[in-house]
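One structure below.
What's counted below: heavy atoms across the whole structure, side chains too, no hydrogens, waters or symmetry copies. As the structure lists them, so they are numbered: ligands from 1, and atoms in each ligand from 1.
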Amino acid sequence: MTLKSLSSVLAAVLFLLGLSSAQAADKDVIDYRQNLMKSLGAHASGLGAIAQNKVPYADNLAYHADAIAAAADAALLAFEQNLPGGTSAANIWEDWDDFEARFMSLASAAREVAAAARSGGMAEAGPKMGGLFICKSCHDTYRTE
Ligand code: HEC
């Protein structure tokens, strides 16, 4: 192999590596953030079932609240890329500060619920749950359907 052909092979390899490491496919990004939102939904359902006394697993309250906080934090990173699609509306990236503040407020409300659940169970956590009910207002503002 000549030096010239070797360097063009190297360039091709570097190009491919660059593509795979720097650019995620749009579909993968959308799947990824939707999966995070699904996990948020799953933990909100778990918390709701316990709060309404449908299931006797009050010891799991803090777990679900922690998971909601973690998913809200992780979602922020997953939405950073300006990529309308799925049911995400373009105004997310026009009004990023407001969008970000909503996820941060969800995360901090969930952390308060988790701390209250640890110290006083449902009796203490219940009154703090109001700050978690912001899903619909964000969906109404930032989703296309
Ligand atoms: C800061 C705004 C915001 C908040 C707060 C928020 N969501 Fe979402 N959610 C979105 C957006 C935007 C999408 C659309 C994602 C996409 O399709 O790209 C979404 C999508 C979803 C989906 C559908 C995922 C799929 O399969 O397509 C579920 C379920 C969901 N959210 C649950 C919740 C729950 C439960 C809460 C509250 C505990 C919540 N969300 C709070 C913005 C938010």
Side-chain angles (χ1 to χ4, degrees), residues 6-145:
L6 184 66
S7 70
S8 59
V9 167
L10 261 182
V13 167
L14 287 177
F15 177 72
L16 286 174
L17 282 177
L19 266 190
S20 60
S21 63
Q23 275 188 347
D26 291 358
K27 184 186 176 305
D28 292 332
V29 171
I30 292 172
D31 283 351
Y32 179 82
R33 73 190 183 202
Q34 288 184 336
N35 283 332
L36 277 178
M37 295 310 300
K38 280 181 207 159
S39 75
L40 195 57
H43 288 290
S45 300
L47 199 92
I50 295 170
Q52 293 163 43
N53 244 329
K54 289 183 180 164
V55 293
Y57 307 130
D59 286 352
N60 280 349
L61 262 185
Y63 159 70
H64 292 298
D66 281 338
I68 290 171
D73 286 342
L76 263 185
L77 187 61
F79 277 100
E80 254 176 19
Q81 185 178 338
N82 184 337
L83 183 60
T87 60
S88 289
N91 61 344
I92 289 174
W93 297 278
E94 288 152 18
D95 302 327
W96 178 258
D97 288 352
D98 175 68
F99 185 80
E100 183 179 39
R102 289 172 189 249
F103 267 137
M104 285 164 62
S105 131
L106 177 60
S108 75
R111 280 190 190 97
E112 275 186 34
V113 170
R118 284 196 177 91
S119 80
M122 189 58 213
E124 203 172 318
K128 308 235 173 222
M129 285 186 186
L132 302 179
F133 303 133
I134 62 167
C135 320
K136 186 175 183 305
S137 71
C138 193
H139 291 172
D140 287 348
T141 313
Y142 292 109
R143 290 182 79 187
T144 53
E145 56 189 66

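Rounding to the nearest 0.5 Å places CE of Met122 at 8.0 Å from CG of Asn53. With values rounded to the nearest 0.5 angstrom, Arg102 atom CZ is found 9.0 Å from Asp95 atom CG.
The aromatic rings of Phe79 and Phe99 sit perpendicular, their planes meeting at an angle over 60°, well past the 30° parallel limit.
Residue-to-ligand polar distances keep Tyr142 apart from ligand 1: every N/O pair is separated by 3.5 Å or more. Taking only nitrogen or oxygen atoms, main chain and side chain alike, Arg102 does not reach within less than 3.5 Å of ligand 1.
For atom 14 (C) of ligand 1, the closest non-hydrogen atom of the protein is Thr87 OG1, 3.2 Å. Nearest protein heavy-atom contact of atom 36 (C) of ligand 1 is Cys135 SG, 2.8 Å. Looking only at protein heavy atoms, the nearest one to atom 21 (C) of ligand 1 is Met37 CB, 3.5 Å. Remark: minimum distance from atom 1 (C) of ligand 1 to any protein heavy atom is reached at Cys138 SG, 2.7 Å. If you check which protein heavy atom lies closest to atom 23 (C) of ligand 1, you get Arg143 NH2, 3.6 Å. In this structure, atom 35 (C) of ligand 1 lies nearest to the protein heavy atom Gly41 CA, 3.6 Å. The protein atom (non-hydrogen) at minimum distance from atom 16 (C) of ligand 1 is Ser88 OG, 3.1 Å. Nearest protein heavy-atom neighbour of atom 26 (O) of ligand 1: Lys38 CE, 2.9 Å.
Put simply, the side chain of Glu124 does not reach to within 4.5 Å of the side chain of Leu61, judged on heavy atoms. Here the side chains of His43 and Asp66 are not in contact, with every heavy-atom distance at 4.5 Å or above.
Ionic pairing of Asp59 and Arg118 is not present here: no N-O contact between side-chain nitrogen and carboxylate oxygen is shorter than 4.0 angstrom.
Taking a 4.0 Å cut-off on heavy atoms, Ile68 fails to register as neighbouring ligand 1. Within the structure, ligand 1 has Gly85 among the residues with a heavy atom less than 4.0 angstrom away.
Close contacts between ligand 1 and Phe79 involve ligand atoms 11 (C), 12 (C), 15 (C) [criterion: under 4.0 Å to a heavy atom]. The contact set between ligand 1 and Arg33, taken as ligand atoms under 4.0 Å from a residue heavy atom, comprises 16 (C), 18 (O). Against a heavy-atom cut-off of under 4.0 Å, Gly86 is close to the following atoms of ligand 1: 17 (O). Taking a cut-off of under 4.0 Å to the non-hydrogen atoms of Ile92, the atoms of ligand 1 that pass are 12 (C).
Between Leu83 and Trp93 the shortest heavy-atom distance is O-CH2, 3.3 Å. Ala72 and Leu106 make their closest contact through CB-CD2, 4.1 Å (heavy atoms, listed as atom of the first residue, atom of the second, distance).
The distance from atom 8 (Fe) of ligand 1 to the nearest N/O/S atom of His139 is under 2.8 Å.
Of the possible polar contacts, none joining the Ser88 side chain to the Pro84 backbone as a donor-acceptor pair under 3.5 Å is found. Judged by distance alone, the side chain of Trp96 and the main-chain N or O of Glu80 form no donor-acceptor pair under 3.5 Å.
Here the options are Asp73, Val113, Leu40, the test is side chain to side chain contact (heavy atoms under 4.5 Å, CB included), and the partner is Ile68; only Leu40 passes.
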